[in-house]
Amino acid sequence: MRLCVCLVLLSFILCTSAERPPLVRGGEFVRDAVGGAWDMFRAYQDMREANYKGADKYFHARGNYDAARRGPGGAWAAKVISDAREKWQSDVSGRGAEDTRADQEANEWGRSGGDPNRYRPAGLPSKY
């Protein structure tokens, strides 16, 4: 009987203090990161399809918003992809620093949970 009580108490202690194993957390991070990368790609595809003047910042914010909602892995993927794209854009394509700064502002707005519609231009089809 004493052993049974000790095992029950030990079980309660372990169950209440246990957190997910590191391997599970790592798997969730990777899953979120892959999903976040997919969200960023989908926003890019929509931007190309819409081909709507002035909608660039909206799609930046939306891709980052969708990715970050998945969790830490999605937010990480959104930041890495956004930073790499903006670095390429400023170094290779020759776009100005002001455009890069505005894109990064929209990226951060979306990643921090801000409503992407803040950057939505008037007349953009509701499909997006």
Side-chain angles (χ1 to χ4, degrees):
M1 180 69 175
R2 192 181 275 169
L3 180 61
C4 231
V5 170
C6 288
L7 287 175
V8 168
L9 288 174
L10 182 61
S11 295
F12 280 125
I13 292 169
L14 288 176
C15 288
T16 58
S17 67
E19 77 178 50
R20 294 184 320 268
L23 188 59
V24 171
R25 287 194 317 263
E28 290 170 351
F29 185 89
V30 169
R31 183 194 66 214
D32 293 347
V34 169
W38 176 253
D39 291 333
M40 296 291 287
F41 178 69
R42 195 176 66 237
Y44 176 74
Q45 283 183 313
D46 287 347
M47 181 179 69
R48 302 281 296 183
E49 179 184 307
N51 195 25
Y52 197 86
K53 187 171 178 88
D56 178 43
K57 307 304 179 264
Y58 166 73
F59 288 107
H60 278 270
R62 197 195 84 190
N64 278 271
Y65 176 82
D66 291 344
R69 287 188 54 187
R70 292 182 179 271
W76 174 82
K79 179 157 180 50
V80 168
I81 292 168
S82 295
D83 289 349
R85 181 185 183 281
E86 294 309 319
K87 176 143 180 55
W88 176 85
Q89 182 176 319
S90 64
D91 291 351
V92 176
S93 74
R95 297 233 174 125
E98 180 60 27
D99 187 56
T100 296
R101 187 202 57 74
D103 285 351
Q104 287 290 42
E105 178 185 304
N107 293 337
E108 183 58 37
W109 176 262
R111 265 194 315 273
S112 66
D115 184 4
N117 288 315
R118 171 184 183 179
Y119 296 98
R120 185 182 189 88
L124 181 67
S126 61
K127 173 183 177 181
Y128 307 108

- Message: What I want to check is whether the side chains of Asp56 and His60 have a donor and an acceptor closer together than 3.5 Å.
- Response: yes
- Message: Quiz question: by atom type and distance under 3.5 Å, do the side chains of Gln89 and Asp99 form a donor-acceptor pair?
- Response: yes
Distance, nearest 0.5 Å, that separates [atom1] of [X] from [atom2] of [Y]:
| X | Y | atom1 | atom2 | answer |
| --- | --- | --- | --- | --- |
| Asp46 | Arg62 | CG | CZ | 4.5 Å |
| Asn64 | Arg111 | CG | CZ | 4.5 Å |
| Asn107 | Thr100 | CG | OG1 | 10.0 Å |
| Asp66 | Arg42 | CG | CZ | 5.5 Å |

For [Y], is there an ion pair with [X] - N to carboxylate O distance below 4.0 angstrom?
| X | Y | answer |
| --- | --- | --- |
| Glu108 | Lys79 | no |
| Glu28 | Arg31 | no |
| Arg69 | Asp39 | no |

- Item | By side chain to side chain contact (heavy atoms under 4.5 Å, CB included) - contacts of Ala77 (at least two apart) | Ala33
- Note on the structure: For Met47, the hydrophobic cluster (side chain heavy atoms closer than 4.5 Å, chained through members) also holds Tyr44, Tyr52, Tyr58, Phe59, Trp109, Tyr119, Leu124, Tyr128
Can you give me the closest heavy-atom contact between [X] and [Y], atom names plus distance?
| X | Y | value |
| --- | --- | --- |
| Ala67 | Ala78 | CB-CB, 3.8 Å |
| Lys57 | Ala102 | CE-CB, 3.5 Å |
| Gln104 | Ser82 | OE1-CB, 4.3 Å |

- Item | Co-membership, hydrophobic cluster, residues Val80 and Val30, 4.5 Å side-chain | no
